[in-house]
Number of protein chains: 2
Amino acid sequence: MKSGRRYKNAVYEQFARITKAVASPKRLELLDLLCQGERTVEELAKQAEISVANASQHLQVLRVARLVETERHGVFIVYRLAGQRVCDFFQTIKTLAEQHLAEIEQITRQYLQNQPDLESVDRETLRERVRTGAVTVLDVRPAEEYRAGHIPGALCVPIERLDQYLQSLPTEQEIVAYCRGPYCVLAVEAVSKLKGKGFLAVRMEDGVQEWRAQGLPVTIGEEP
Amino acid sequence: MKSGRRYKNAVYEQFARITKAVASPKRLELLDLLCQGERTVEELAKQAEISVANASQHLQVLRVARLVETERHGVFIVYRLAGQRVCDFFQTIKTLAEQHLAEIEQITRQYLQNQPDLESVDRETLRERVRTGAVTVLDVRPAEEYRAGHIPGALCVPIERLDQYLQSLPTEQEIVAYCRGPYCVLAVEAVSKLKGKGFLAVRMEDGVQEWRAQGLPVTIGEEP
DNA sequence: GTTATAATCAATTAATCAATTGAATATCAA
DNA sequence: TTGATATTCAATTGATTAATTGATTATAAC
């Protein structure tokens, strides 16, 4: 075999290390979670709804491909993305899939149809209403994701603690809930619960990644 | 299982259709070739050095993932990328691999070391020298790729026809050869041959994709 | 030291995938 | 219609891969 061919094979083999690492639905879900912020193996396993051993194995595949890195914090091992570029890469995959695979829109439509009447609000409208204080925005992701970055003015109301916040929420003013983006179901569930309790709740499809990608501001840490 | 989980699984499954399609070195090579321009199955098979049947199968995997599309031209079937976005996606993979996998640089260095002393010239220098006419630029890719887009002022000299052009090339002036980019070996081979014949030849690492990505102009069709 | 917890490792199974071969299909031209 | 060519299909092989299970390692608290 010519040396040129051997070289080419070696190079494409390296490229494929990256693509093979992301060629699994579960690993894509783990990457998606890690785009929202760093996490321990246990948290990742729980949120992706797989066993810890299985999550550990998937994470190591991602690590060997240098897409994620780890750090030991006492008895925990924290995984995080190996850079913003990896998050961008995941967003690219997402966008490509959305634009090339009509099935995704279909699956989403089907899912949303099975949810009780669910309006949603777009970015621009929301931003204007937040600015004028005409709306209450809830970030229903886990608190650590909120701290890693949230939409300015949003309240940190993790979905599992939504019940505790119910009495402090306005009953007349509109409430907008968002989570990790269009394929995350937290906001859908939050809105469903809020509407059941008589609130005026709508969902925003975008997550922080989409918001940031539009060049819109993101607040890091706690709200003042 | 909750409907939220079923929905998530379905969505990530769709994302993975894209990533599984690119999770093979050979399919990445085919995509790389298609980034340079459309081609028939036979041409792709020949350039990737695999059997036609094998190429056909790989191409169909890419087609099912909607990354490429086909058109029948008589007895030929022409494959092309399903949009500029797919080319960008491939470039993203390439960049990510280059930046995260030190092995690639190592492999490249090793390959170039085995080639007889091979200088290379960067984009900016080349552009300036082309502008002032101080250099002859050769595009050593196949003619159809040249027509699909080439660096302004470059001559179309496919490597397999290089011999025929030898007498019309300047012997005193510097000659710069380029091909599909840093991992393509055509320019390396062309420079090697030219230097063997006594020409002042150097290689430019960038291909048209890299050139274009810098916002530099690209000429489509034949030179005037 | 002992214990509890987080994470990884090792071994297994079923499933999926890459490449090869030879046959089948589609188009065009004689 | 027949023959030639480009491509795809179908069946087979060997190689990877995902998920599960139970055992093992590493750390911190007692």
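Here the structure is a predicted model, which is why all the values come from computation and not from measurement. Letters A, B, ... mirror the listed sequences (proteins, then strands); counts begin at 1.
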For [X] and [N], what is the distance between atoms [atom1] and [atom2] respectively, to the nearest whole Å?
{"X": "B:His58", "N": "D:dC9", "atom1": "NE2", "atom2": "C1'", "answer": "16 Å"}
{"X": "B:Glu43", "N": "D:dA6", "atom1": "CD", "atom2": "P", "answer": "11 Å"}
{"X": "B:Leu30", "N": "D:dT7", "atom1": "CG", "atom2": "P", "answer": "13 Å"}
{"X": "A:Glu49", "N": "D:dA19", "atom1": "CD", "atom2": "P", "answer": "14 Å"}
{"X": "A:Leu44", "N": "C:dA6", "atom1": "CG", "atom2": "P", "answer": "14 Å"}
{"X": "A:Leu62", "N": "C:dT8", "atom1": "CG", "atom2": "P", "answer": "12 Å"}

(message) By the 4.0 Å heavy-atom rule, please label A:Ala55 as base, sugar-phosphate, or nothing.
(response) nothing
(message) Just to be sure I understand the rule, does B:Val75 reach a base, reach only the sugar-phosphate, or reach nothing, if contact means heavy atoms closer than 4.0 Å?
(response) base
(request) For the pair A:Glu69 and A:Arg80, find out whether any cationic side-chain nitrogen is under 4.0 Å from an anionic carboxylate oxygen. (result) yes
(request) Could you tell me whether B:Arg5 and A:Glu29 have a side-chain N and a carboxylate O separated by less than 4.0 Å? (result) yes
Which nucleotide in [options] has an atom nearest any side-chain atom of [X]:
{"X": "A:Ser24", "options": "D:dA18, D:dT20, C:dT8", "answer": "D:dA18"}
{"X": "B:Lys26", "options": "C:dT27, C:dA19, D:dA26", "answer": "C:dA19"}
{"X": "B:Ala53", "options": "C:dA18, C:dT27, C:dT21", "answer": "C:dT21"}
{"X": "A:Phe76", "options": "C:dA18, C:dA6, C:dT8", "answer": "C:dA6"}
{"X": "B:Lys20", "options": "D:dT8, C:dA19, C:dC17", "answer": "C:dC17"}
{"X": "A:Val41", "options": "D:dT20, D:dA18, C:dT8", "answer": "C:dT8"}
{"X": "B:Gln57", "options": "C:dT20, D:dA6, C:dT8", "answer": "C:dT20"}
{"X": "A:Arg27", "options": "D:dT8, C:dA18, D:dA18", "answer": "D:dA18"}
{"X": "A:Gln60", "options": "C:dT8, D:dA18, D:dT27", "answer": "C:dT8"}

(message) Checking the side chain of A:Thr19 only, and the main-chain atoms of B:Val22 only, is there a donor and an acceptor separated by less than 3.5 Å?
(response) yes
(request) State, without any angle test, whether A:Gln60 and A:Ser56 hold a side-chain donor-acceptor pair at a distance under 3.5 Å. (result) yes
(message) Can you tell me how the ring of B:Phe15 sits relative to the ring of B:Tyr12, calling it parallel under 30°, perpendicular over 60° and tilted otherwise?
(response) perpendicular
(request) Between A:Asn54 and A:His73, name the one whose nearest nucleotide on DNA chain D is closer to the 5' end. (result) A:Asn54
(message) Which is more 5' along DNA chain D, the nucleotide nearest A:Gly74 or the one nearest A:Ile50? Just name the residue.
(response) A:Ile50
